[in-house]
Amino acid sequence: MKLWLLALTAAFAFGLGAGENDRCKFFKEAKLSGETGKLFYVIPLDAEIYRHAASAANGDFADIRITDRDGNTVPFAVIDLYDYIIKTQLAPLPGKIVSFTRDEPANRATITYQLSPPVPRLVSRLALKTGMKNFNKRITVTSGTKMLVADAALFNYDKNVDLEATVFDFAPAEVSTLRLAIDNFMEKTEADSQLEHRSSTDAFTENTVVSNELRIDAITVYETKQNLIRNKLKTTDMFSPAIISCENKDGKTTFLFDLGRIPFTQVVIASTTPRYQRRYRLTLQSPSVQTRSSSTLRPGNNVISLNALGNRYDTAELVIENGDDSPLADMTFKWTAPEKVLLVDGANIKGDSLLVWYGSDDSKMPNYDIRRYAETLNLSDFGVFGLAAGKPNQESISRTEQSGWHINIFTVAIAVASLALTALVIWVALKMKDE
């Protein structure tokens with residue numbers, strides 16, 4: 001009896017436990033293009049995936065799944081790409097003076113300064129702090145064979161104007177120890193006071209001469225940190241919506257565009273008509289959302305911003321009011337959309353080929369770790385898996401057509417199992433009645 005029940009349970013699990021991928025109507029192969037060994041890889045979305053992937057109901061792109069050639073699930077996140085700029089920041093490093101020597105004949109002092117801990121860091125600034133005024137010296141800074149600061153003026157002038165040079169910037173260098181050589185360390189200067197000399201035969205005065213030895217209160221070395229900062233959203237104009245219809249009627253020109261559910265953010269309209277100013281109305285339409293905007297179109301004001309929320313619309317209707325003028329001549333349209341990609345962690349990739357599945361109406365958004373940390377990444381260096389963007393989707397195969405045979409097998413198996421279970425129940429009931 002137990003064997004029968006186990007067999008029936010397995011049959012039902014096999015028939016009803018089809019994977020998420022079997023719900024997808026299409027799949028595409030993504031092939032690695034370029035370098036291997038990257039931390040992250042991206043798969044740019046193409047027009048076919050935009051058109052057929054889920055929208056709105058369970059979350060945008062909730063039906064997309066990625067597997068390797070062995071059928072293993074590959075976690076991913078749908079993200080926008082950004083341009084980055086390098087922002088340089090300076091941060092003070094702890095350190096200490098480990099030696100000080102003076103060469104009196106040469107009037108030079110040499111200071112050895114070491115970072116704490118003494119490990120190489122990328123540094124680009126040296127600052128000396130002193131409370132002294134009115135001095136004029138020279139400084140050379142080296143680290144091993146590296147010349148950081150070559151015979152620069154180190155001075156303070158506090159007379160009619162306040163000038164000083166005590167901070168020195170140089171090309172970033174990996175160092176742990178710096179050697180400061182300061183010339184004219186003991187500087188003789190005339191003081192404001194005077195000495196008066198008198199004797200029985202003559203009398204004279206002279207300015208007081210003082211020895212001005214440089215007093216350094218603090219030395220600070222600054223580390224250079226170069227951070228990647230998001231600058232702006234990357235966009236592409238590779239998608240060009242087809243014009244479904246164009247009609248000139250009742251003083252209006254009406255265009256209907258097939259947006260293919262691509263989240264366009266801007267359209268630039270051009271015409272060979274040299275001068276014009278006309279009102280327009282733009283309507284973006286999908287089964288669940290409709291957005292309308294209107295303004296004036298003229299040369300120099302021909303960029304229409306749209307879709308601030310990133311919705312994926314099916315069509316766009318553009319109505320231009322011509323009045324009694326002729327329609328605008330030779331109109332062209334340049335549409336812009338964000339560069340949206342599937343982001344994959346390189347640690348989860350085996351081989352140079354992946355399968356992207358999409359086109360299901362009832363899939364739920366998968367819950368992957370990478371979806372939670374993707375927005376914190378600064379993606380300036382990544383590998384690429386390429387799809388045939390913007391071309392007829394010849395690689396995609398209808399899952400319904402391809403897997404119809406095993407769906408029929410599952411249906412037959414379930415039917416047979418149901419009949420067997422019914423017969424078993426009847427047989428058990430009869431046996432119990434006989435007993």
Side-chain angles (χ1 to χ4, degrees), residues 13 16-82 84 228 230 233-234 236 261-263 310 312 337-389 393 395-399 402-403:
L16 299 177
E20 285 275 324
N21 298 343
D22 291 324
R23 300 179 183 178
C24 298
K25 299 174 184 176
F26 309 98
F27 74 88
K28 264 193 175 187
E29 184 179 19
K31 294 287 291 183
L32 177 63
S33 58
E35 297 182 35
T36 59
K38 299 290 187 180
L39 287 177
F40 293 95
Y41 291 84
V42 301
I43 305 173
L45 298 183
D46 67 5
E48 286 295 324
I49 292 180
Y50 272 121
R51 184 175 296 278
H52 296 292
S55 176
N58 294 322
D60 267 356
F61 310 107
D63 58 333
I64 293 181
R65 300 292 184 272
I66 301 178
T67 65
D68 60 21
R69 278 295 185 180
D70 296 327
N72 300 310
T73 297
V74 178
F76 70 96
V78 182
I79 65 167
D80 294 318
L81 292 183
Y82 288 82
Y84 291 86
L228 285 175
R230 280 186 181 180
L233 188 70
K234 276 191 173 183
T236 178
R261 305 171 84 188
I262 297 171
R312 294 166 58 204
E339 286 195 36
K340 201 173 286 289
V341 299
L342 307 178
L343 176 68
V344 180
D345 193 324
N348 297 320
I349 296 177
K350 298 177 181 179
D352 62 354
S353 177
L354 297 172
L355 296 179
V356 180
W357 308 79
Y358 59 98
S360 171
D361 297 327
D362 58 354
S363 294
K364 294 182 179 179
M365 183 74 74
N367 185 18
Y368 299 134
D369 275 344
I370 193 171
R371 289 182 179 269
R372 289 183 283 276
Y373 66 75
E375 285 300 317
T376 67
L377 299 174
N378 286 337
L379 290 173
S380 61
D381 182 31
F382 47 78
V384 177
F385 278 76
L387 294 171
N393 195 9
E395 295 87 357
S396 295
I397 301 173
S398 169
R399 296 296 296 163
Q402 188 184 56
S403 58

Locate the shortest heavy-atom distance separating Tyr84 from Leu377; write the atom from each residue and the value.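 Shortest heavy-atom separation between Tyr84 and Leu377 comes out as OH-O, 3.6 Å.
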Between Ile64 and Phe76 the two heavy atoms that sit nearest each other are O-CZ, 3.1 Å
Ile49 versus Leu387: any side-chain heavy-atom pair under 4.5 Å?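 The answer is yes, as the side chains (C-beta and beyond) meet within the 4.5 Å cut-off.
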So how far is it from Lys234 NZ to Leu379 CG, rounded to the nearest 0.5 Å?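 Reported value, rounded in 0.5 Å steps: 10.0 Å.
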Can you measure from CD1 (Ile262) to NZ (Lys340) and round to the nearest 0.5 angstrom?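 These two atoms lie 12.0 Å from each other.
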Apply side chain to side chain contact (heavy atoms under 4.5 Å, CB included) to residues Phe385 and Ile66 and explain how you reach the verdict. CA-CA 12 Å; Phe385 278 76; Ile66 301 178; over 6 Å; no
Looking at every heavy atom in both Pro75 and Asn348, which two are closest together, and how far apart are they?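 So the minimum-distance heavy-atom pair works out to CD-ND2, 3.9 Å.
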Heavy-atom donor-acceptor pair, Thr236 side chain to Glu339 backbone, under 3.5 Å: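 It does not hold such a pair.
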So does Tyr50 get a backbone contact from the side chain of Arg312, meaning a donor-acceptor N/O pair under 3.5 Å? yes
Just verifying a value: how many Å separate Tyr358 OH and Phe27 CZ, rounded to the nearest 0.5 Å?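 Here the rounded value is 9.5 Å.
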Closest heavy-atom contact between Leu343 and Phe40? CD1-CB, 3.8 Å
Taking it one step at a time, do Ile349 and Leu32 satisfy side chain to side chain contact (heavy atoms under 4.5 Å, CB included)? CA-CA 11 Å; Ile349 296 177; Leu32 177 63; over 6 Å; no
Show the numbers, then the answer: is there a side chain to side chain contact (heavy atoms under 4.5 Å, CB included) between Leu342 and Phe61? CA-CA 10 Å; Leu342 307 178; Phe61 310 107; 6.0 Å; no
Value for CD1 (Ile43) from CG (Leu354), rounded to nearest 0.5 Å, stands at 5.0 Å
So how far is it from His52 NE2 to Lys25 NZ, rounded to the nearest 0.5 Å?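 It comes to 9.0 Å.
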Quick one: does Asp80's side chain have a donor or acceptor within less than 3.5 Å of a partner on Pro338's backbone?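 Looks like no, no N/O pair under 3.5 Å.
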Closest non-hydrogen contact found for Ile79 with Ala374 is CG2-CB, 3.9 Å
Can Lys350 and Asp70 be counted as an ion pair, charged N to O under 4.0 angstrom?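 Result for this pair is no, no salt bridge flagged.
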Shortest non-hydrogen contact from Ala54 to Ser360? CB-O, 3.9 Å
So does Ala77 get a backbone contact from the side chain of Tyr368, meaning a donor-acceptor N/O pair under 3.5 Å? no
What distance do Asn378 atom CG and Arg230 atom CZ have between them, rounded to the nearest 0.5 Å?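 Asn378 atom CG to Arg230 atom CZ measures 7.0 Å (nearest 0.5 Å).
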For the pair Asp63 (side chain) and Gly359 (backbone), establish whether a donor and an acceptor sit closer than 3.5 Å, ignoring hydrogens and angles. yes
Tell me, with the steps shown, if Arg65 and Thr73 meet side chain to side chain contact (heavy atoms under 4.5 Å, CB included). CA-CA 8 Å; Arg65 300 292 184 272; Thr73 297; 5.9 Å; no
